[in-house]
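Taking it in order: structure first as structure tokens, then the write-up.
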Amino acid sequence: EVQVVESGGGLVQPGGSLRLSCVASGFILSDHYMHWVRQAPGKGLEWVGRITNKAAGYTAEYAASVEGRFTMSTDDSKSSLNLRMDSLKIEDTAVYYCIRVARGSRSYDIWGQGTVVTVSS
Amino acid sequence: DIQMTQSPSSLSASVGDRVTITCRASQDIRNLLAWFQQKPGKAPKTLIYDATSLQSGVPTRFSGSGSGTDFTLTINSLQPEDFATYFCQHYNGFPITFGQGTRLEIK
């Protein structure tokens with residue numbers, strides 16, 4: 001089955017760090033562009049960032065709200081997309097979704113189930 | 001940043017109705033727009049991409065139209081499982097932004 005599964009969420013204090021992982025199965029992660037999108041409790045969707053595929057050099061783009069604090073990376077050996085989150089703020093509290101982009105398209109074709117990040121003292 | 005404005009914010013409809021949700025971009029985004037459906041406690045699901053293309057597996061009662069700045073999502077013959085929240089999204093450059101959502105409720 002083609003899917004992505006996020007993990008790594010949890011409770012962290014303001015200023016702390018967390019690393020989310022998104023493990024791909026049923027497809028080759030390095031062939032696809034990938035995105036992270038988050039949703040604060042009771043709110044809408046917010047784009048977090050995008051990383052290109054291996055052929056495009058794993059280039060990342062970030063939302064201004066996370067630029068300089070969040071870093072996306074991939075581990076081909078583990079078919080894993082990672083989101084390193086540093087200097088966390090209360091407003092980073094959200095469900096974080098990992099999303100696959102269809103090859104040859106910009107369509108989001110596979111969504112993960114999400115992982116919950118809570119930033120609180 | 002490109003602002004995406006959806007209307008209405010919420011609407012009530014009955015099973016069998018036809019509903020239309022609109023999304024307006026603050027500048028020309030060509031056809032680089034997607035629509036998503038989200039049910040409570042669940043991840044969003046992609047319905048439409050490139051403004052008019054139906055995502056694989058999505059029922060044909062869903063359709064999208066528009067280009068430039070004005071877009072619509074139409075649901076023909078509403079089914080009970082269609083009551084959810086709908087979001088539009090542009091991907092004409094960064095940052096990618098979403099509309100605020102439209103909550104579709106049962107009348």
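- Of all heavy-atom pairs between G44(A) and F87(B), the closest is CA-CE2, 3.8 Å.
- Nearest heavy atoms, A43(B) versus G112(A): CB-O, 3.2 Å.
- Rounded to the nearest 0.5 angstrom, T85(B) OG1 and L45(A) CG are separated by 9.5 Å.
- Linking Ile, Leu, Val, Met, Phe, Trp and Tyr whenever their side-chain heavy atoms come within less than 4.5 Å leaves I29(B) and F98(B) in two separate clusters.
- Using a 4.5 Å cut-off between heavy atoms, Y91(B) contacts chain A through both its backbone and its side chain.
- Within a 6.0 Å sphere centred on CZ of R61(B), other residues, nucleotides and ligands contribute more than 12 heavy atoms.
- Among R106(A), K43(A), Q113(A), the residue with the largest count of heavy-atom pairs under 4.5 Å with chain B is R106(A).
- Clustering ILVMFWY residues whenever any of their side-chain heavy atoms sit less than 4.5 angstrom apart, transitively, puts V48(A) in the very cluster that holds M72(A).
- Sparse packing is recorded around CD1 of I28(A), with 12 or fewer heavy atoms of other residues, nucleotides or ligands lying under 6.0 Å away.
- Following chains of ILVMFWY side-chain contacts shorter than 4.5 Å, one can reach L11(B) starting from F62(B), so the two form part of one hydrophobic cluster.
- Using a 4.5 Å cut-off between heavy atoms, E46(A) contacts chain B through its backbone alone, with no side-chain atom that close.
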Audit row: Q89(B), Y108(A), side-chain hydrogen bond (donor to acceptor under 3.5 Å, both in side chains) steps and yes/no | CA-CA 11 Å; Q89(B) 177 213 44; Y108(A) 287 178; 3.0 Å; yes
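- Heavy-atom contacts from other residues, nucleotides or ligands closer than 6.0 Å to CZ of R24(B) number 12 or fewer.
- By the rule that hydrophobic residues join a cluster once side-chain heavy atoms approach within less than 4.5 Å of another member, L73(B) and L54(B) end up as members of one cluster.
- Nearest heavy-atom pair, W47(A) versus I96(B), reported as atom, atom and distance to 0.1 Å: CB-O, 3.5 Å.
- By the 4.5 Å heavy-atom criterion applied to side chains, F36(B) and W111(A) are counted as neighbours.
- With a threshold of 4.5 angstrom between heavy atoms, V37(A) approaches chain B through side-chain atoms but not through N, CA, C or O.
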Given Q38(B) and Q39(A), is the side chain to side chain contact (heavy atoms under 4.5 Å, CB included) satisfied, shown in steps?
-> CA-CA 11 Å; Q38(B) 187 178 33; Q39(A) 187 170 37; 2.8 Å; yes
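- Two different hydrophobic clusters hold V116(A) and V119(A) under the rule that ILVMFWY side chains link at heavy-atom gaps under 4.5 Å.
- Crowding of R103(A) atom CZ: a count of heavy atoms from other residues, nucleotides or ligands under 6.0 Å not exceeding 12.
- Both the backbone and the side chain of P44(B) come within contact range of chain A, with heavy atoms under 4.5 Å apart.
- A donor-acceptor pair under 3.5 Å is absent between the side-chain atoms of T46(B) and the main chain of D109(A), judged by distance alone.
- For chain A, no part of I48(B) is nearby; none of its heavy atoms comes within less than 4.5 Å.
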